[in-house]
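Presented below is the structure to which this report refers.
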Amino acid sequence: LSLKFGDVGNLKGLVIRFLLTTGYYQLSVQNWFSLHRLQLLYNHSIQAMFNATRIHAPSSYSYHCEHVSSLQRYDALLVPSSANDLSKLWEVTFIDFQIQGFNIQEGHFAYAKDCASFFSPAILMGLVMSLILLLVLAYALHMLIHLKSLDRHYEYKASPAYFAQMKDSDMGDEKEPLRSSGNESYELRNQDFCKIYI
């Protein structure tokens with residue numbers, strides 16, 4: 001696939017050529033196309049050549065990406081094919097790039113396979129935050145379970161069997177006079193429930 005721009009400044013006969021390949025992949029049970037190489041031609045000769053990485057889609061789809069570039073800040077999908085040619089002197093960036101090499105119908109792009117990864121930085125950050133929240137929730141549940149066991153421990157300490165010695169010493173009188181200024185009052189002790197004052 002060739003894009004011919006003609007003369008652009010000092011570049012005579014500028015052409016951008018996309019070399020596309022197609023193949024059958026048994027894992028997906030369908031044909032896929034790939035952008036194999038990008039060539040820059042001017043003055044009737046190839047001046048720069050880039051190998052394309054990860055630019056592929058099912059042959060019935062098109063491929064779309066916000067940036068296809070040789071720059072690292074755009075994930076460098078275009079890599080110079082050789083250290084000896086002039087490719088390293090070029091910086092190539094396509095913005096809102098979409099391509100389809102095969103099965104084109106009525107001059108329109110088919111449904112696009114986007115280059116956005118399933119594990120983009122935003123999705124990874126969301127997964128990390130979800131993991132942190134799950135850990136906090138698990139820790140909180142562990143603490144709640146631990147608090148319940150402490151309640152049982154204190155109930156055991158406050159049970160009548162635990163204070164057996166104290167009850168033995170108090171079992172003498174059911175009724176004991178209390179000192180008061182005027183009226184005579186008694187303290188009635190109930191062994192099981194509480195103390196009642198009259």
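This one's a predicted model, so the numbers in the text were calculated from it and none came from an experiment.
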Counterpart residues, side chain to side chain donor-acceptor pair (under 3.5 Å), relative to H64 (two or more places apart): D96, D114
Heavy-atom pair with the smallest gap, counting every atom of F33 and I99: CZ-O, 3.7 Å
Min side-chain heavy-atom separation C115-E66 under 4.5 Å: no
Y24, OH: over 12 other non-hydrogen atoms inside 6.0 angstrom: yes
Point-to-point distance, once rounded to the nearest 0.5 Å, from CG of N43 to CG of L11: 7.0 Å
Gap between atom CG of L40 and atom OG of S87 - 0.5 Å precision: 7.5 Å
Residue list, side chain to side chain donor-acceptor pair (under 3.5 Å) with N103, at least two apart or on another chain: none
N/O donor-acceptor pair under 3.5 Å between S81 side chain and F50 backbone: no
Exercise: identify the closest heavy-atom pair between L35 and A52: O-CB, 3.0 Å
Point-to-point distance, once rounded to the nearest 0.5 Å, from CZ of R54 to SG of C65: 9.0 Å
Check: F94 ring centre within less than 6.0 Å of F18 ring centre: yes
Gap separating the CG atom of L19 from the OG atom of S34, nearest 0.5 angstrom: 12.5 Å
ILVMFWY network linking I55 to L3, side-chain heavy atoms under 4.5 angstrom: yes
Under 3.5 Å donor-acceptor, S59 side chain and W32 backbone: no
Distance-minimising heavy-atom pair for S69 and T93: OG-OG1, 2.8 Å
Cluster link L14 to F97, ILVMFWY, side chain under 4.5 Å: yes
Selection residues 123-133 - residue pairs positive for salt bridge (charged side-chain N to carboxylate O under 4.0 Å, His left out), sequence neighbours left out: none
Residues in salt bridge (charged side-chain N to carboxylate O under 4.0 Å, His left out) contact with R17, at least two apart in sequence or another chain: none
Nearest heavy atoms of H36 and T21, plus distance in Å: CB-CG2, 3.9 Å
Same cluster (ILVMFWY, side-chain, under 4.5 Å), Y74 and W90: no
Point-to-point distance, once rounded to the nearest 0.5 Å, from CG of L77 to OG1 of T53: 5.0 Å
Linked, directly or transitively: F5 and Y42 (ILVMFWY side chains, under 4.5 Å): yes
Spatial distance of atom OG (S2) from atom CD (Q39) [nearest 0.5 Å]: 8.5 Å
L38 side chain reached by I16 side chain, heavy atoms, under 4.5 Å: yes
Backbone of G107 reached by a side-chain donor or acceptor of Q105 within 3.5 Å: no
Worked check of side-chain contact (heavy atoms from CB on, under 4.5 Å) between Q47 and L41: CA-CA 5 Å; Q47 301 296 325; L41 297 85; over 6 Å; no
Shortest non-hydrogen contact from H56 toward Y63: O-CD1, 3.4 Å
Minimum-distance pair of heavy atoms, taken over all atoms of S60 and Q100: O-NE2, 4.3 Å
Hydrophobic cluster of Y111, others only, ordered by chain and residue number, side-chain cut-off 4.5 Å: Y61
Within one Ile-Leu-Val-Met-Phe-Trp-Tyr cluster: Y25 and L20, side-chain cutoff 4.5 Å: no
Pairing residues for Q98 by the side chain to side chain donor-acceptor pair (under 3.5 Å) criterion, not counting sequence neighbours: S62
